[in-house]
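Worksheet: one structure, shown below.
The sequence lines fix the lettering, A, B, ..., with proteins before strands; numbering per chain opens at 1. Being a predicted model, the structure only gives us computed values, none of them experimental.
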Protein chains: 2
Amino acid sequence: MSKRVCEDCGVREVGLCGSLDDAELADLNKIGRRRHIERGETIAWAGDESQTCGNVLSGMFKVSAALADGREQTVGLLYPADFVGRPYASTNDFSITALSDAEVCVFPATAFEETLEQHTKLERELLRRTLSSLDEARERQLMLARASAGERVASFLMVMARKTSGMRPSPEGPLTFDLPLSRGAIAEVLGLTIETVSRQMTKLRAAGIIALPGGRAVTILREAALEEIATAA
Amino acid sequence: MSKRVCEDCGVREVGLCGSLDDAELADLNKIGRRRHIERGETIAWAGDESQTCGNVLSGMFKVSAALADGREQTVGLLYPADFVGRPYASTNDFSITALSDAEVCVFPATAFEETLEQHTKLERELLRRTLSSLDEARERQLMLARASAGERVASFLMVMARKTSGMRPSPEGPLTFDLPLSRGAIAEVLGLTIETVSRQMTKLRAAGIIALPGGRAVTILREAALEEIATAA
DNA sequence: CGCCTTCTTGACTCCTGTCAAGTCCCGTGG
DNA sequence: CCACGGGACTTGACAGGAGTCAAGAAGGCG
């Protein structure tokens with residue numbers, strides 16, 4: 001039953017838990033449990049009680065919310081090793097949904113909060129990560145408020161190019177990678193419609209800046225040109 | 001010289017420092033210094049080194065950034081008792097500018113980080129506040145991405161009505177208060193132009209939902225109607 | 001091979017930004 | 001006390017970018 005979940009953890013070094021040594025990890029090990037999540041499954045609903053926290057082991061999640069009439073927006077993306085959940089709150093302001101099949105290491109929120117208070121290093125690391133997330137959320141505000149559709153798509157592609165380990169035929173050759181998100185999911189992140197995202201992609205292809213070899217693959221042909229559009233030069 | 005800055009601090013109870021008792025406060029007292037800021041003065045520049053942290057004692061600040069071509073956006077507002085600054089980062093991602101004359105209690109960033117590490121209660125309180133700021137920044141993303149100009153202005157007025165202690169002639173009577181921001185500053189928060197903000201205000205006045213008695217004063221005549229527009233029902 | 005989802009493309013509308021005058025407000029100085 | 005000046009705000013005309021509605025093409029899975 002009490003399997004040593006931390007022992008073969010793929011994100012042991014880079015996750016929140018990387019701040020703890022093996023002995024300290026024991027407390028987390030006691031309350032943690034590994035869970036498999038299907039693509040599309042929502043593990044936390046906006047408005048519901050905040051009951052669990054955890055770490056993403058594999059796969060991707062979106063943090064999103066909707067207006068009363070159904071308009072939806074993704075306000076954050078979670079990658080492997082990212083922290084999931086909202087400690088110190090009674091209810092969630094946002095839903096968390098898997099964008100791909102995923103694995104998460106989950107803790108009951110109250111037990112996790114107690115562990116936080118006993119391990120200063122863990123708490124400090126969570127503070128650092130939360131401050132970074134805040135900076136990121138504010139950068140996204142800037143984009144959503146002021147960037148054009150073309151700028152949003154270009155900067156999204158640059159971010160994805162960096163996050164996703166794609167293939168280059170040669171050093172400095174064109175980079176090809178698969179987008180981990182559908183057009184719909186991209187639109188929801190960028191605050192646009194599917195149609196607008198699609199049109200902007202076509203426009204970049206027509207300009208010879210990217211190629212779309214099929215599926216969700218993207219090849220960046222002229223990185224400098226894409227970067228220039230992305231940074232609103 | 002080493003004046004007891006904390007003794008007559010107006011936000012002693014509600015600020016970050018409220019988590020400490022008098023003895024613990026001594027450490028902060030040693031490194032803190034009170035500073036007066038003029039309206040329009042920028043106390044931290046995006047891109048510069050992150051050198052100071054602090055607490056707002058009085059007045060208001062905006063947290064903002066600009067795109068390469070000059071388009072600007074406010075990504076957060078700071079009120080008395082709010083924490084200012086960005087610990088654990090070498091440079092600031094955002095500028096912090098006084099929207100009114102203000103007073104701040106400032107600490108050198110490195111000294112403050114050391115104090116944080118010695119006082120778990122302080123660190124926990126900062127974590128709680130940072131998590132709240134993150135939620136707020138994400139709510140703003142939702143608004144900037146999906147709300148119409150009318151919805152943005154209505155929800156802004158609702159927030160300001162709650163934050164600002166205005167006057168009611170009778171309980172449940174119409175509420176009147178002064179906006180602490182100029183039209184330009186409001187536009188920068190809402191991701192709109194001055195003209196659009198102005199037009200939406202006029203529209204609400206024409207609909208009999210608010211009155212604009214002059215200056216920056218606003219009277220909310222039909223709170224329920226305003227709330228309905230704000231929540232995008 | 002065929003169905004169903006996802007993606008692309010087109011035509012049209014409308015909201016918001018831009019540019020350009022005015023008007024109001026308030027403090028200053030005559 | 002009132003005229004003046006400058007910033008903040010309002011209003012109008014117009015244009016353009018992104019949303020909406022509607023087909024149609026492409027891709028994936030059974």
A/Arg216 vs C/dC7: side-chain N/O to OP1/OP2 distance below 4.0 Å: yes
Closest-nucleotide ordering on DNA chain D, the 5'-leading residue of B/Arg146 and B/Gly215: B/Gly215
Side-chain donor/acceptor of B/Gln200 to base of C/dC15, under 3.5 Å: no
Touch class at under 4.0 angstrom, heavy-atom based, for B/Gly150 against every strand present: nothing
Any B/Arg199 side-chain N or O less than 4.0 Å from OP1/OP2 of C/dT16: no
N or O in side chain of A/Ser148 less than 4.0 angstrom from D/dG17 OP1/OP2: no
A/Arg205 (side chain) and C/dT9 (base): donor-acceptor pair under 3.5 Å: no
Any side-chain donor near an acceptor of the partner, A/Thr130 and A/Ser133, under 3.5 Å: no
side-chain N/O A/Thr193 vs D/dG19 OP1/OP2, d < 4.0 Å: yes
Donor + acceptor pair across side chains of B/Thr219, B/Thr176 (<3.5 Å): yes
Any B/Thr202 side-chain N or O less than 4.0 Å from OP1/OP2 of D/dT10: no
Phosphate contact (D/dA8 OP1 or OP2) by B/Ser182 side-chain N/O below 4.0 Å: no
Shortest side-chain distance from B/Ser198, nucleotide among D/dA18, D/dT10, C/dT8: D/dT10
Lys/Arg N to Asp/Glu carboxylate O, B/Arg86 vs A/Asp135, below 4.0 Å: yes
Steps toward salt bridge (charged side-chain N to carboxylate O under 4.0 Å, His left out) verdict (B/Glu103, B/Arg35): CA-CA 6 Å; B/Glu103 271 201 325; B/Arg35 206 182 134 198; over 6 Å; no
